[in-house]
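Atom set for the values below is all heavy atoms of this structure, side chains included, hydrogens, waters and symmetry mates excluded.
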Amino acid sequence: MKKVLITGSSGYIGSHLTKMLQNEYLVYGLDKNLPKQIPEEFYHCDINRQFTLDEEFDCVIHLAALVNVGESEKNPIQYYITNLNGTMNVLNKVKTKNFVFASTGAAVGCESAYGISKRAAEDVVREYCTSHRPTPYTIFRFYNVIGSDGFAPTNPDGLMYNLMKAPKTGEFTIYGTDYTVSNDGTCIRDYVHVSDIANAHVKALEYLENKRNRKNISLFNLGTGNGVSVLEAINSFEKVSGLKLNYKIGARRAGDIEAVYSDSSLAERELGWKTVYNLDDMMSSAWR
């Protein structure tokens with residue numbers, strides 16, 4: 001079986017991806033938050049620190065990162081360190097035949113320290129894998145990942161995390177209702193199911209392993225291509241859960257982009273990837 005290393009393997013996306021890959025690949029994990037009792041093929045490791053792995057992998061999927069936009073505005077240096085220097089450590093210290101890097105749609109507008117750090121890491125991956133250690137690579141820009149197939153969202157800045165907490169806490173805040181990009185005044189996002197994101201990585205592994213497909217195409221957007229306002233997302237959650245949220249209106253958050261959604265046609269054409277879940281499906285899968 002081919003060996004795949006997933007950094008950030010115990011996170012929200014990493015857990016779903018590990019579950020999806022483990023029957024077809026020998027999956028290794030690397031994460032600083034792994035539990036004490038872990039299989040021997042998982043490494044308890046912080047990408048910010050110097051480390052050495054003796055294994056050589058058929059592919060590294062680099063998910064480990066800090067992802068909270070609001071936090072990045074308060075503590076930008078830590079985001080630059082983890083998302084940029086951490087990526088350089090992985091590139092330098094791990095031997096692999098192929099490399100997949102998880103970026104974000106926020107790298108397009110670069111209006112937050114998070115987006116800036118991920119865009120810089122994209123450039124490092126591209127340059128390093130092209131000029132210094134020639135390695136076939138793929139960069140994925142995730143849009144707003146929600147839903148669940150057994151693992152709950154972990155980003156306290158994310159919509160899904162807060163929607164799932166709201167029924168118990170009775171608290172939910174909409175940050176800004178004065179955006180002109182939507183009919184209801186809330187900002188617009190492209191919500192995509194976490195299992196669809198995980199499936200894109202399966203497609204990427206097949207794409208990178210097939211030499212005939214190794215074109216000069218390395219950057220793919222992963223989203224539905226549909227812009228959904230925050231209020232529309234809340235309405236979907238209320239519909240599938242049967243609950244009514246008592247939300248409050250707050251000011252805009254620093255670093256938030258007014259509207260962001262993807263054009264994923266390249267991923268469809270080159271990888272054969274398509275989203276499966278609609279908005280109600282995504283909300284329902286997390287609520288069940």
Side-chain angles (χ1 to χ4, degrees), residues 1-31 33-34 39 41-42 57-65 67 90 96 98-106 118 125 137-155 158-161 164 189-210 213 218-226 262 264 266-288:
M1 297 177 72
K2 292 185 179 296
K3 296 189 295 184
V4 176
L5 176 71
I6 302 173
T7 72
S9 54
S10 66
Y12 172 48
I13 297 173
S15 296
H16 283 90
L17 182 56
T18 298
K19 178 180 178 180
M20 188 172 288
L21 291 179
Q22 59 189 0
N23 290 331
E24 300 295 330
Y25 295 87
L26 182 55
V27 178
Y28 291 70
L30 187 154
D31 201 305
N33 296 319
L34 289 174
E41 62 268 18
F42 281 68
F57 301 95
D58 293 285
C59 188
V60 169
I61 299 175
H62 180 39
L63 300 175
V67 298
V90 174
T96 182
N98 300 284
F99 194 86
V100 178
F101 176 62
S103 188
T104 171
K118 295 296 278 188
V125 169
Y137 69 95
T138 292
I139 297 170
F140 282 137
R141 284 180 177 166
F142 303 164
Y143 282 71
N144 288 66
V145 186
I146 64 173
S148 177
D149 185 20
F151 306 97
T154 56
N155 178 11
L159 177 82
M160 197 78 248
Y161 179 93
M164 293 176 69
R189 294 292 181 265
D190 185 345
Y191 298 103
V192 57
H193 197 280
V194 63
S195 292
D196 283 333
I197 292 292
N199 185 50
H201 290 78
V202 176
K203 298 291 187 182
L205 290 171
E206 297 168 354
Y207 184 81
L208 289 168
E209 289 168 4
N210 188 340
N213 285 336
S218 60
L219 177 63
F220 299 96
N221 294 320
L222 298 182
T224 64
N226 299 316
S262 68
S264 301
L266 189 61
E268 292 185 19
R269 185 168 67 250
E270 295 297 326
L271 303 181
W273 176 80
K274 290 185 178 180
T275 57
V276 174
Y277 297 83
N278 63 33
L279 183 62
D280 287 350
D281 293 335
M282 297 182 217
M283 294 296 177
S284 179
S285 70
W287 178 248
R288 287 197 302 265

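A heavy-atom distance below 4.5 Å is found between the side chains of Ser9 and Phe42. Proximity of Pro153 to Met164: side-chain heavy atoms (C-beta onward) are separated by under 4.5 Å at one or more points. In this structure the side chain of Met282 reaches within 4.5 angstrom of the side chain of Tyr191, judged on heavy atoms. Taking 4.5 Å as the limit, every side-chain heavy atom of Phe220 sits out of range of all side-chain heavy atoms of Ile139. The shortest side-chain heavy-atom distance between Val125 and Tyr137 falls under the 4.5 Å cut-off. Counting heavy atoms from C-beta on, the side chains of Arg269 and Leu266 come closer than 4.5 Å. With contacts defined as side-chain heavy-atom distances shorter than 4.5 Å, the pair Leu21/Ile61 qualifies. Counting heavy atoms from C-beta on, the side chains of Ile6 and Leu30 never come closer than 4.5 Å.
Using modelled atom types, one side-chain atom of Ser264 and one backbone atom of Gly223 make a donor-acceptor pair closer than 3.5 Å. A distance-only check finds a donor-acceptor pair linking the side chain of Lys19 to the backbone of Asp149 [under 3.5 Å]. Distance alone, capped at 3.5 Å, is enough to place a donor-acceptor pair between the Thr7 side chain and the Ala64 backbone.
Under the ring-ring contact (aromatic ring centres under 6.0 Å, His included) criterion, His193 pairs with Tyr277, not counting sequence neighbours. Asn199 is linked by a side chain to side chain contact (heavy atoms under 4.5 Å, CB included) to Met20, Val202, Lys203, Trp273, counting only residues two or more places apart in sequence or in another chain. With sequence neighbours excluded, the residues satisfying ring-ring contact (aromatic ring centres under 6.0 Å, His included) with Phe57 are Tyr28.
Using cut-offs of 30° and 60° for the angle between ring planes, the Phe99 and Phe101 rings count as parallel.
Closest non-hydrogen pair, Lys274 versus Asp196, comes out as O-OD1, 4.1 Å. Listed here is the closest heavy atom pair of Ser148 and Gly150: OG-N, 3.1 Å. Across Val194 and Gly147, no two heavy atoms sit closer than the pair CG1-O, 3.8 Å. Taking both residues in full, the closest heavy atoms of Val192 and Leu222 are given as CG1-O, 4.0 Å, listed atom of the first, atom of the second, then distance. The shortest non-hydrogen separation linking Met283 to Leu159 is CE-CD2, 4.3 Å. In this structure, Asp281 and Asn278 approach most closely via the heavy-atom pair N-OD1, 2.8 Å.
Here the straight-line distance linking atom OH of Tyr207 with atom OG1 of Thr138 works out to 7.0 Å at 0.5 Å rounding. Atom CG of Asn98 is separated from atom SG of Cys59 by 5.0 Å, given to the nearest 0.5 angstrom. To the nearest 0.5 Å, atoms OG1 (Thr18) and CD1 (Ile13) are separated by 11.5 Å. In this structure, CD1 in Ile146 is found 5.5 Å from CG in Leu279, a value given to the nearest 0.5 Å. Here the CG-CZ distance, from Asn221 to Phe142, works out to 11.5 Å after rounding to the nearest 0.5 Å. Here the straight-line distance linking atom CG of Asp58 with atom CG of Leu5 works out to 11.5 Å at 0.5 Å rounding.
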Pair His201, Val100 - check side-chain contact (heavy atoms from CB on, under 4.5 Å), show working.
CA-CA 8 Å; His201 290 78; Val100 178; 3.8 Å; yes

Dump the intermediate steps for side chain to side chain donor-acceptor pair (under 3.5 Å) on Asp190 and Ser262, then the final yes or no.
CA-CA 7 Å; Asp190 185 345; Ser262 68; 2.8 Å; yes

With side-chain contact (heavy atoms from CB on, under 4.5 Å) as the test, would you mind laying out the steps for Val90 and His62 before giving the verdict?
CA-CA 8 Å; Val90 174; His62 180 39; 3.8 Å; yes

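Remark: Glu24 CD is loosely packed, at most 12 non-hydrogen atoms of other residues, nucleotides or ligands lying under 6.0 Å away.
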